[in-house]
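Report on one structure; see the data block that follows.
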Amino acid sequence: MKQEISILINGKEKNYSEDQTSVKEQPAHNEVAAAIEEVNRGGYTILATSLKKRENFFKRKNGHVLNKRTSFLVPNNGKGFPKQIVAAIIGAIVTGTILGVLVLTVFSSDITEAGDKVTEASTVATEKVADSGKSVTIRPIKLDFSALQAGVFSSKDRAEGAVKTIEDKGFSAVVFKAEEEKYSVIVGIGNEKHQLDKFNEAYQKEMDKPLFKSLSFSFDQLKTPSKLDETYFTNGQILLQNTLTLSQMPDISGSGLDRTLSDFNKWKEYGKGQKGKWSESTTKAASDFEKQLEGAFLALKDSKKGELNWAFQQKVMDSLQSYTKLLATLK
């Protein structure tokens, strides 16, 4: 059985059989360039839609379907895309690639330039800080010691007179400024109260009984030219406290003293490199503190087992006094 299709060309309808033979030509009234009726014959669907030139308009029901509402053609029976579409796709890919490279190049350049500007600005800012001479604030330093107090005096002269009397007896003594314009005479210090028990017993055998007292100092808003100075000033406190701890050890000449002396020498050398940036008063006070603390180490070496080392007490109290004077120069 032969199948027929009906095609409308330039207003004339032509019928074709499956062997491509024209069957019958019918007149029509609508004048269109090319239009196709939707006819279902022998497994073919013919779309009744106006088409542009070179568009395919046949499709088999069992093949790939062409959407009636779009002009996107789907390959049928293994046939490829039209050359125009393939060329358009390739052109779009090439154009997109070129534009992508250009955009990436522009943005990469902008980012690099921005990074260079930030680095330069940071360098300039650092140089300005270094050249400006502005000081920095280091963390507060708080000192707490237990002390033996021989007395409190209303004037510094009277306090110093008492110190001379005490030293003539072979004991140690130092004047510290107390509250309300008074002066306190201290004859011994320790990290803890029990470290002073033997000194207390020995002292009151020849002098008036001393009082146990908490000796405290607080220093804040300390200014230095560099943040690196904080290491020197805070470690000074640690070395002072370690020296007092060593004085309570049975074998003072052991490895503990050697390690502390090694730390002291490193600390002193570090300070030597920083002193060129300090004020004259701070430099002088630092040198005095180092000298007093070194004297405390030497006195500690001379300690004899079973004997109270009043010479050490004198040097360590002198060290504390010089340390407070050093910190006062930073306020």
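Between the side chain of E269 and the backbone N or O of N265 there is no donor-acceptor pair closer than 3.5 Å. Without hydrogens or angle criteria, S303 side chain to N309 main chain gives no donor-acceptor distance under 3.5 Å. When atom types are taken as modelled, the side chain of S319 and the backbone of K315 share a donor-acceptor pair closer than 3.5 angstrom. With hydrogens and angles disregarded, no donor-acceptor distance shorter than 3.5 Å links the side chain of E201 to the backbone of L196. No side-chain donor-acceptor contact under 3.5 Å links Q292 to the backbone of V316. A donor-acceptor pair under 3.5 Å is absent between the side-chain atoms of D220 and the main chain of P140, judged by distance alone. Of the possible donor and acceptor atoms, none in the side chain of Q321 sits under 3.5 Å from a partner among the backbone N and O of F176.
Not less than 6.0 angstrom separates the ring centroid of F153 from the ring centroid of Y183.
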Report task. Walk me through it: do Q237 and L143 pass the test side chain to side chain contact (heavy atoms under 4.5 Å, CB included)? Result -> CA-CA 8 Å; Q237 175 187 4; L143 306 174; 3.5 Å; yes

Report task. Go through L244 and Q241 one step at a time and tell me if the side chain to side chain contact (heavy atoms under 4.5 Å, CB included) criterion holds. Result -> CA-CA 5 Å; L244 285 168; Q241 292 172 330; 5.7 Å; no

Query raised in the report: What's the verdict on side chain to side chain donor-acceptor pair (under 3.5 Å) for T245 and N191, showing C-alpha distance, side-chain angles and the deciding distance?
Result: CA-CA 7 Å; T245 301; N191 290 323; 3.0 Å; yes

Query - Evaluation steps, side chain to side chain donor-acceptor pair (under 3.5 Å), between N242 and T260 - result: CA-CA 7 Å; N242 287 348; T260 306; 5.2 Å; no

Query raised in the report: Would V187 and F199 count as a side chain to side chain contact (heavy atoms under 4.5 Å, CB included) if you check the C-alpha gap in whole Å, the side-chain angles of each, and the deciding distance to 0.1 Å?
Result: CA-CA 9 Å; V187 296; F199 289 96; over 6 Å; no

Query - Test log, rule side chain to side chain contact (heavy atoms under 4.5 Å, CB included), inputs F289 and K325 - result: CA-CA 9 Å; F289 176 44; K325 290 179 179 178; over 6 Å; no

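In terms of heavy atoms, Q313 sits closest to G188 at OE1-CA, 3.2 Å. Of all the heavy atoms in Q204 and P210, the pair that sits closest is CB-CD, 4.1 Å. Considering every non-hydrogen atom in both T137 and Q221, the closest pair reads CG2-CA, 4.1 Å. When all heavy atoms of T282 and L326 are compared, the pair lying nearest together is O-CD1, 3.6 Å.
Between L239 atom CG and F264 atom CZ the span is 7.5 Å, to the nearest 0.5 Å. K213 contributes atom NZ, which lies 13.5 Å from atom NZ of K193 (distance to the nearest 0.5 angstrom). With rounding to the nearest 0.5 angstrom, the OH atom of Y203 is 9.0 Å from the OG atom of S172.
Cluster annotation: L293 is connected to V174 through the hydrophobic network of ILVMFWY side chains, with a link wherever side-chain heavy atoms come within less than 4.5 Å. Under a hydrophobic-cluster definition in which Ile, Leu, Val, Met, Phe, Trp and Tyr are linked whenever side-chain heavy atoms come within less than 4.5 Å, directly or via other members, I186 and L308 are assigned to different clusters. Using a 4.5 Å cut-off between side-chain heavy atoms of Ile, Leu, Val, Met, Phe, Trp and Tyr, with links allowed through other members, M317 and I166 fall into different hydrophobic clusters. In the hydrophobic clustering of this structure, L300 groups with L261; members are Ile, Leu, Val, Met, Phe, Trp, Tyr whose side-chain heavy atoms approach within less than 4.5 Å, directly or through other members. W310 and F297 sit in two unconnected hydrophobic clusters of ILVMFWY residues. Membership requires side-chain heavy atoms under 4.5 Å apart, directly or through other members.
The 12-atom threshold is not exceeded at NZ of K266, counting heavy atoms of other residues, nucleotides or ligands nearer than 6.0 Å. Counting heavy atoms of neighbouring residues, nucleotides and ligands inside a 6.0 Å radius, atom CG of D168 exceeds 12 of them. The environment of NZ in K205 is sparse: at most 12 heavy-atom neighbours from other residues, nucleotides or ligands sit within 6.0 Å. The number of heavy atoms from other shown groups lying within 6.0 Å of NZ (K284) does not exceed 12. Under a cut-off of 6.0 angstrom, the local environment of NZ in K223 is crowded, with over 12 non-hydrogen atoms contributed by other residues, nucleotides or ligands.
The only member of W278, Y270, Y323 that meets ring-ring contact (aromatic ring centres under 6.0 Å, His included) when paired with Y232 is W278.
Checking Q274 against D229 by side-chain atom types alone, a donor-acceptor pair falls below 3.5 Å. A side-chain donor from one of Q149 and S184 sits under 3.5 Å from a side-chain acceptor of the other. No side-chain donor from either of T283 and K275 sits under 3.5 Å from a side-chain acceptor of the other.
Under the 4.0 Å criterion applied to side-chain N and carboxylate O atoms, K291 and E294 are not assigned as salt-bridge partners.
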